[in-house]
Amino acid sequence: MTHITLIRHGQANTEARDEVSYDRLSELGHQQAAWLGAHLESSGIHHPRVYCGTLTRHIETAAGMGHDEVVQDARLNEMEYFTMAQAMEAQQGLPVPQEREGFIAHLPKVFKAWSAGEIENPPESWSDFESRTQSVLTEIAAGDGPALVVTSGGFISMAMRQAMGLDTDGMARMALAIMNTSMHRLFPIGGHLSPVLFNAVPHLDRADRQHAQTHL
């Protein structure tokens, strides 16, 4: 097994309330990706293998970091949060928040309903999301050399849930904490991938970049 560094994509379209509109980086998101790429290059950290999902925000983030040869894998894509939020509004009367702060209470409710099978006809079942997260990370971990993986916050929180045995509430709290272009590392210990780094943003840890430490 080899270690895997998970990267959350740069800030996307924060005004969006559907999957298509959300799936592009904001101007700040492009800048965050460039800063992270420059940080990794100056640190001399080499990743012989780079992966990302097939979503536009994943591809744009990897490109902004300076990676030309990237393996795209749809299993690294995010859950369709906005689709499920709209379904819960239609089925259960739970409004989709119109302000960013509203998602702090909204996201745990969606996770809990989804995991309990209480959302009718979701785009993907909770168990399928669990399975694809585990399968793709197992395959990447079996390869040679450290791997860099550009993905999304929900995927990263599921990976951490599996590594740490978190319940759904714990996974939701972790998902809400994950910053754009943050780094998270899974290291093989005793035959299992264990977290040794979470939510690191050294490329944003300076006074003139405090504004770029975004969660949405």
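Each residue takes its place number in the sequence, starting with 1. Scope of the values below: all heavy atoms of this structure, side chains included, with no hydrogens, waters or symmetry mates.
Classification of the Phe187-His3 ring pair by plane angle, with boundaries at 30° and 60°, yields parallel. Between His211 and Trp35, the ring planes lie perpendicular to each other; the angle is over 60°, past the 30° to 60° tilted range.
Under the 4.5 Å side-chain heavy-atom criterion for grouping Ile, Leu, Val, Met, Phe, Trp and Tyr, Ile156 is not connected to Val201 through any hydrophobic cluster. Transitive grouping of hydrophobic side chains (ILVMFWY, heavy atoms separated by less than 4.5 Å) brings Phe111 and Leu94 into a common cluster. The hydrophobic cluster containing Val71 also contains Leu186, counting ILVMFWY residues as joined when their side-chain heavy atoms lie under 4.5 angstrom apart, directly or transitively. Tyr22 is not connected to Val96 by any chain of hydrophobic side-chain contacts under 4.5 Å among Ile, Leu, Val, Met, Phe, Trp and Tyr, and they are in different clusters. A single hydrophobic cluster is not seen to contain both Leu25 and Leu216; linkage of ILVMFWY side chains at heavy-atom distances under 4.5 Å, directly or through other members, places them apart.
With no hydrogens or angles considered, a side-chain donor-acceptor pair links Thr54 and Asn77 at under 3.5 Å. Checking Thr214 against Asn180 by side-chain atom types alone, a donor-acceptor pair falls below 3.5 Å.
In terms of heavy-atom proximity, Gln32 sits nearest to Gln11 at OE1-N, 2.8 Å. Annotation for Ile178 and Ser157: closest pair CD1-N, 4.1 Å, computed over non-hydrogen atoms. Nearest approach of Arg57 to Ala12, heavy atoms of both residues: CD-CB, 4.2 Å.
Within the 4.5 Å cutoff, no side-chain heavy atoms of Tyr51 are placed close to those of His67. At least one side-chain heavy atom of Gln162 sits less than 4.5 Å from a side-chain heavy atom of Glu130.
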Exercise for review: Begin with the C-alpha distance, continue with both residues' side-chain angles, and end with the deciding distance and a verdict on salt bridge (charged side-chain N to carboxylate O under 4.0 Å, His left out) for Arg75 and Glu139.
Suggested key: CA-CA 11 Å; Arg75 291 176 296 174; Glu139 288 181 21; 2.9 Å; yes
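Looking only at distances, no side-chain donor or acceptor of Asp23 sits under 3.5 Å from a matching main-chain atom of Leu55. The backbone N or O of Glu124 sits nowhere less than 3.5 Å from a side-chain atom of Glu80 that would complete a donor-acceptor pair. Using modelled atom types, no side-chain atom of Asn199 and backbone atom of Ser182 make a donor-acceptor pair closer than 3.5 Å.
For Phe155 and His184, the ring centers sit 6.0 Å or farther from each other.
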